[in-house]
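So the structure is just underneath, and the comments pick up after that.
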There are 2 protein chains.
Amino acid sequence: MRFETSTIKDIAKALGLSTSTVSRALRDRYEISEETKKLVLAYAEKVNYRANPIARSLKERRSYSIGIIVSEIANNFFSQVINGIESIAYDKDYHVIISQSHESYKQEKLNVEHLASRSIDGLLIALSSETQDIDYLRHLYAKGLPIVFFDRVPQDFETHKVIANNFKGAFDATEHLILSGKRTIAHLTNSENLSITKERLAGYKAALVKYHIGFRPELVKYCQHGGMHSAELEEAVKELLPLKPDGIFISSDRLTTGCIMALKKTNPEVAHKIAIAGFTNSNLVELFSPSLTSVKQPAFEMGQVATELLISMIEAKRPVTEFETKVLDTELVKKR
Amino acid sequence: MRFETSTIKDIAKALGLSTSTVSRALRDRYEISEETKKLVLAYAEKVNYRANPIARSLKERRSYSIGIIVSEIANNFFSQVINGIESIAYDKDYHVIISQSHESYKQEKLNVEHLASRSIDGLLIALSSETQDIDYLRHLYAKGLPIVFFDRVPQDFETHKVIANNFKGAFDATEHLILSGKRTIAHLTNSENLSITKERLAGYKAALVKYHIGFRPELVKYCQHGGMHSAELEEAVKELLPLKPDGIFISSDRLTTGCIMALKKTNPEVAHKIAIAGFTNSNLVELFSPSLTSVKQPAFEMGQVATELLISMIEAKRPVTEFETKVLDTELVKKR
DNA sequence: TAAGATAGTGCAATCGCTTGCACATAGAAT
DNA sequence: ATTCTATGTGCAAGCGATTGCACTATCTTA
């Protein structure tokens with residue numbers, strides 16, 4: 001800000017002390033006498049002194065802030081994760097800087113690099129659906145930037161990760177469709193790159209196997225852009241319908257809502273006849289028509305766990321070499 | 001970040017120049033010869049030099065970043081505004097820091113003050129529903145922090161503001177209900193503090209007047225917490241229903257969805273009988289059942305306009321004294 | 001009583017970058 | 001030949017905070 005605030009120097013001058021004494025008093029160092037501390041603290045309080053975080057960052061080479069990259073904050077799942085992140089971060093005196101990749105690799109890289117140059121102390125990231133090359137992250141990581149992945153994680157990157165039990169979530173949803181009598185179950189899913197895509201596909205297949213239903217590749221549709229473009233979805237729906245599915249298992253928030261929308265728009269007459277089960281953290285599912293069975297991820301908790309892991313890495317005295325991948329259970333909310 | 005990157009000093013040493021020359025060359029100042037500039041630029045490129053924004057902020061006392069305060073990023077309206085803000089900000093080389101107030105005054109103040117201490121160059125803010133005392137903003141403003149309000153604006157604060165045409169939006173929605181034959185139209189709205197609450201109430205009343213329908217205060221319900229607590233909404237609905245409204249005009253995104261939810265939960269039998277018209281920027285309205293008429297705000301555009309105004313203030317050479325309040329039209333999307 | 005221990009404080013460098021001013025060199029003008 | 005004007009660079013201070021080291025009292029201890 002261009003305007004004046006009181007600095008440590010002002011306090012020093014006013015009290016006839018040196019800046020170092022003031023600084024140490026404020027940081028409650030043992031060298032300073034109780035008396036002086038009290039004096040300084042009282043005066044600082046009086047003039048409403050706030051340490052300049054910029055100056056501190058420069059000196060300490062850290063910023064007490066952590067960066068977050070998600071594809072879209074408008075996505076309920078991600079905004080819930082962010083709330084979880086904030087809840088822990090603020091508790092531990094970190095601030096949070098949010099960036100959106102909008103599912104674009106280029107944007108993601110740009111944002112990460114900007115955050116890094118702003119001295120974030122650590123990074124929480126869910127990869128964009130376009131991202132395949134994560135060398136730029138490896139590079140930052142190698143230079144010492146702690147990174148924790150959540151939701152969309154890379155396989156070959158040794159660090160903490162937090163994910164939902166995607167396999168089980170997908171299995172449960174598919175099984176639910178089967179148990180309600182569906183036999184031709186399509187699967188609408190995200191870009192093949194993503195970890196969640198693979199895991200959820202596996203869960204879907206496993207459920208089919210359990211009930212002796214043959215896997216038909218043509219029933220699986222991938223959306224490169226994660227449903228960011230409605231045309232992409234309508235195309236997928238259009239290709240799927242001739243195969244006469246009686247159920248669809250959808251593997252992401254945006255795809256789930258987008259698919260129902262596309263169905264209603266292009267084929268309103270069948271929209272209510274196809275049973276839908278999909279991953280979504282929307283808190284509006286109860287309002288949807290047709291209604292659906294949803295797989296909810298523990299988004300808030302995911303944010304919390306990821307943040308705890310990240311902060312533990314940031315504050316570790318020695319380099320961390322043991323990494324965990326936490327897997328959190330999803331919840332199946334059956335259609336009413 | 002704790003790890004080394006090349007600095008201006010490194011470049012200077014490598015090229016046998018002084019740091020000042022390098023700095024000036026990088027900033028393309030006229031004093032430096034073309035030759036030297038080329039040399040420096042080439043080398044900087046080679047070592048992938050990135051100016052340290054922290055150091056720059058400290059020195060220049062500005063950060064090329066703007067702060068945003070909204071109540072909740074999970075709210076579609078706000079996430080769209082944020083996208084609008086980003087679209088302009090990135091174009092003009094500003095970065096954006098998002099904070100959520102969660103409709104809490106305390107949180108809002110805390111966040112604003114933190115942003116200010118992080119040397120944001122300007123602030124874009126939509127007030128929380130709890131906020132009544134904006135002295136802390138006045139204070140920062142007086143000290144030189146440019147502020148632009150959007151959506152929820154204070155009356156007695158001389159600066160740029162960007163709002164929707166709330167009066168007309170409310171009028172149109174209410175008129176629509178009347179024209180479809182409703183006569184007992186309730187109004188569910190936000191905290192009385194908010195500008196939007198007053199403007200929308202006025203629009204609602206005006207429509208009643210136009211069609212010679214008496215205004216009944218008991219049909220208006222205020223929600224202090226903007227629908228953050230479902231209990232608040234259920235209570236409001238419970239009080240409203242005995243009055244047998246045949247239509248409800250709802251004045252905010254969260255209230256609109258929350259109200260339908262409450263209706264469905266507490267009185268499913270009447271949920272479909274009451275016509276609903278409400279402000280919402282949800283892109284899922286088409287999926288809702290009961291369906292509703294919605295008033296959409298030009299959220300993206302609002303973000304853009306607000307950002308342009310803010311940046312013009314930030315970059316103005318002399319203090320700005322002429323302020324505008326831009327009013328953007330809403331769009332009525334009729335129930336199908 | 002002299003020397004060492006201890007406590008409390010200040011000096012000054014440093015983080016990376018910007019910028020006013022001084023300085024050096026070279027060609028132009030007198 | 002001397003002075004002046006460009007032109008291009010470098011010196012050094014400063015942004016606000018932290019911290020190793022040095023310094024001065026005061027108090028112990030032999």
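Being a predicted model, the structure only gives us computed values, none of them experimental.
Using a 3.5 Å distance cut-off with no hydrogens or angles, the side chains of Ser101(A) and Ser104(A) do not pair a donor with an acceptor. Between Asn48(A) and Arg50(A), the side chains place a donor N or O and an acceptor N or O closer than 3.5 Å (distance only, hydrogens not considered). Side-chain contact check for Gln100(B) and Ser71(B): no donor-acceptor pair (N or O, by modelled atom type) lies under 3.5 Å. Between the side chains of Ser20(A) and Ser23(A), no donor-acceptor pair is found at a separation under 3.5 Å. Side-chain polar atoms of Thr131(A) and Glu108(A) form a donor-acceptor pair below 3.5 angstrom. Between the side chains of Gln155(A) and Ser195(A), not a single donor N or O lies within less than 3.5 Å of an accepting N or O.
Phosphate proximity of dG16(D) to Arg61(B): present, with a side-chain N or O under 4.0 Å from OP1 or OP2. Side-chain nitrogen and oxygen atoms of Lys9(A) include none within less than 4.0 Å of the OP1 or OP2 phosphate oxygen of dG14(D).
Both the sub-6.0 Å distance and the 45° axial angle are not jointly satisfied by Arg138(A) relative to the ring of Tyr136(A).
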Evaluate the criterion salt bridge (Lys or Arg N to Asp or Glu O under 4.0 Å) for residue pair Glu103(B) and Arg152(B); output intermediate values, then yes/no.
-> CA-CA 12 Å; Glu103(B) 303 287 16; Arg152(B) 296 131 164 239; 3.0 Å; yes
Do Phe149(B) and His160(B) pass the ring-ring contact (aromatic ring centres under 6.0 Å, His included) test, and can you show the C-alpha distance, the side-chain angles, and the key distance before you say yes or no?
-> CA-CA 7 Å; Phe149(B) 292 94; His160(B) 294 311; over 10 Å; no
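Comparing dA17(D), dC15(D), dC15(C) by their nearest atom to the side chain of Leu58(B) picks out dC15(D).
When each of Ser23(B) and Thr21(A) is assigned the nucleotide of DNA chain C with its nearest heavy atom, Thr21(A) is the one assigned upstream, toward the 5' end.
Looking at Lys59(B), its side chain has no donor and acceptor atom pair within 3.5 Å of the base of dG16(C). A donor-acceptor contact under 3.5 Å is formed by the side chain of Ser20(B) with the base of dC11(D).
Aromatic pair Phe157(B)/Tyr141(B): centroids less than 6.0 angstrom apart.
Residues from residues 25-40 of chain B with heavy atoms under 4.0 angstrom of DNA chain C, sorted by number: Arg27(B), Arg29(B). DNA chain C lies under 4.0 Å from no heavy atom of any residue of residues 47-56 of chain A.
Side chain of Asp151(A) to main chain of Ala126(A): no donor-acceptor pair is present (N/O by atom type, distance under 3.5 Å, no hydrogens or angles).
Remark on the helix from dT1(C)-dA30(D) to dT30(C)-dA1(D): inter-end axis angle 70°, axes from five-pair C1' superpositions, rounded to 10°.
To the nearest angstrom, P of dT9(C) lies 15 Å from CD1 of Ile11(A). At whole-Å resolution of the value, CD1 in Ile8(A) and P in dG10(C) are 13 Å apart.
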